[in-house]
Amino acid sequence: MGTTLRLIREDLGLTRLAARDRHGVSSSYLYDIEADKCLPKLETLEALIAGYKVDPSLARHLRELRSPPVDLVPTERLREGVTSDLDWMSHIDDLAHRGVLAAYIDPSWQVLACNDLFLSIMPGLEKTYSIATWIFSPIAKEVWVDWEKEAAWNVAYDKAILGLYRNSQQARDLVGHLGPNREFRRLWASSLDVNYGRDSDALLHVRDPTNGELVSYRLSIAPMVEDMTVLLVTAIPKPYSGPRNLTAEA
C-alpha cells in the first residue's frame, strides 16, 4: 500500500508537504505510511483517496490492500471441482460445437478446464495453463495482434488480484513466474491502472498461428460460483476489426 500511495502522489507531481493541502495528512505521517511503517486508519485512507481523486478501481484496490487478504482455494482443488462436474464440462463441449471458445478459470487466470478451441488461440498454454504467464511468452506477441494493449490490461488485472488474494499460493506462483520478466516489470511500473473486469466491447484480436488469418473475438467473463473463485470465459469469433498496421513480433 505504501508504495502505491507514494506512486500516486509522485504521479500528481506533489511533495508530501504539498499533498497535505489536498488531504490533511501530515508529511511525517504520510512518510510513515508510504514507507509501510504503519497501516493508515480507515478514515486516513479515505482522506487520501479523496484528496488524490483516484479512480474507483484504484480506490477499491487501496481499500483491499488495507483489509485482510481474501483466501483463495488452491488451483488443484478448484480444478478437481470443475472437472468432476459433468454438466459444466458438457457445457464447454457444447460451446465448442457452436464455434465458441470456452474455459473455466480461477481469479488468477489459471485455466481449470477448457475446450480445444480455447487452446487454439494460445499455442503452448497447455504447458502451464496459466494465461497470465502465457501472455509474456514469445508466441503471444505473434498471435495476439495488439499485444502491448492486451498485456497492459492483464498487468492491471494482476495488480487487483495480487492485492485481493495476496497470501494465496496463486499469488506467490504468479509473482514467482512473472517477477523476473522484463516486459512484465516494465508494464507494472509504467502505469497505476488497476482493473477488475473487461469491457465486452473490447475485442481480442488474434492472428491464427496456423494460417495467419486475422480474427476478432468478443470476450465474456461470468462467475460460476457465488465467491467468484470459478469464472467462465467465452470468446465468440467476429469479423476482424483490429489494427491493420501492426506486425507480428518475433
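Throughout, numbering of the chain's residues begins at 1 and tracks the sequence. In what follows, every heavy atom counts, from backbone to side chain, and hydrogens, waters and symmetry copies are set aside. On a predicted model such as this, the values are computed, not experimentally measured, just so you know.
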note = Sorted by chain and residue number, the salt bridge (charged side-chain N to carboxylate O under 4.0 Å, His left out) partners of Glu80 (sequence neighbours excluded) come out as none
request  = State, to 0.1 Å, how close Pro223 and Leu231 come at their nearest heavy-atom pair, and which atoms those are.
outcome  = CA-CD2, 3.7 Å
key: Shortest non-hydrogen separation from Tyr29 to Leu39 and the atoms involved   = OH-O, 4.4 Å
query = Does Arg22 reach the side chain of Leu12, with side-chain heavy atoms less than 4.5 Å apart?
reply = yes
Residues that Phe118 engages under ring-ring contact (aromatic ring centres under 6.0 Å, His included), provided they are two or more places apart = none
key: Partner set under side-chain hydrogen bond (donor to acceptor under 3.5 Å, both in side chains) for Gln170, not counting sequence neighbours   = Thr75, Asp106
ask   = Pairs in or reaching into residues 149-172: which pass salt bridge (charged side-chain N to carboxylate O under 4.0 Å, His left out), with residues at least two apart or in two chains?
value = Glu150-Arg198
key: Residues in ring-ring contact (aromatic ring centres under 6.0 Å, His included) contact with His23, at least two apart in sequence or another chain   = Tyr52
inquiry  = Name the residue from Val111, Asn154, Leu125 that meets the side chain to side chain contact (heavy atoms under 4.5 Å, CB included) definition with Trp134.
reply    = Leu125
request  = Could you name each residue pair satisfying salt bridge (charged side-chain N to carboxylate O under 4.0 Å, His left out) that touches residues 214-237, not counting sequence neighbours?
outcome  = Asp201-Arg218
query = By side-chain hydrogen bond (donor to acceptor under 3.5 Å, both in side chains), which residues pair with Arg185, not counting sequence neighbours?
reply = none
task = Would you check if the side chain of Asp32 reaches a backbone N or O of Lys37 as a donor-acceptor pair within less than 3.5 Å?
result = no
request  = Mind checking the CD-CG spacing from Gln169 to Leu174? Nearest 0.5 Å is all I need.
outcome  = 11.5 Å
inquiry  = Test of understanding: with side chain to side chain contact (heavy atoms under 4.5 Å, CB included), list the residues that count as partners of Ser220, not counting sequence neighbours.
reply    = Thr234
key: side chain to side chain contact (heavy atoms under 4.5 Å, CB included) partners of Asn167, counting only residues at least two apart   = Pro69
All ring-ring contact (aromatic ring centres under 6.0 Å, His included) counterparts of Phe136, not counting sequence neighbours = Trp147, Phe184
task = Could you list all the side-chain hydrogen bond (donor to acceptor under 3.5 Å, both in side chains) pairs where at least one residue sits in residues 81-96, not counting sequence neighbours?
result = none
inquiry  = Show me the pairs that pass salt bridge (charged side-chain N to carboxylate O under 4.0 Å, His left out) and involve residues 58-71, at least two apart or across chains.
reply    = Glu46-Arg63, Arg60-Glu64
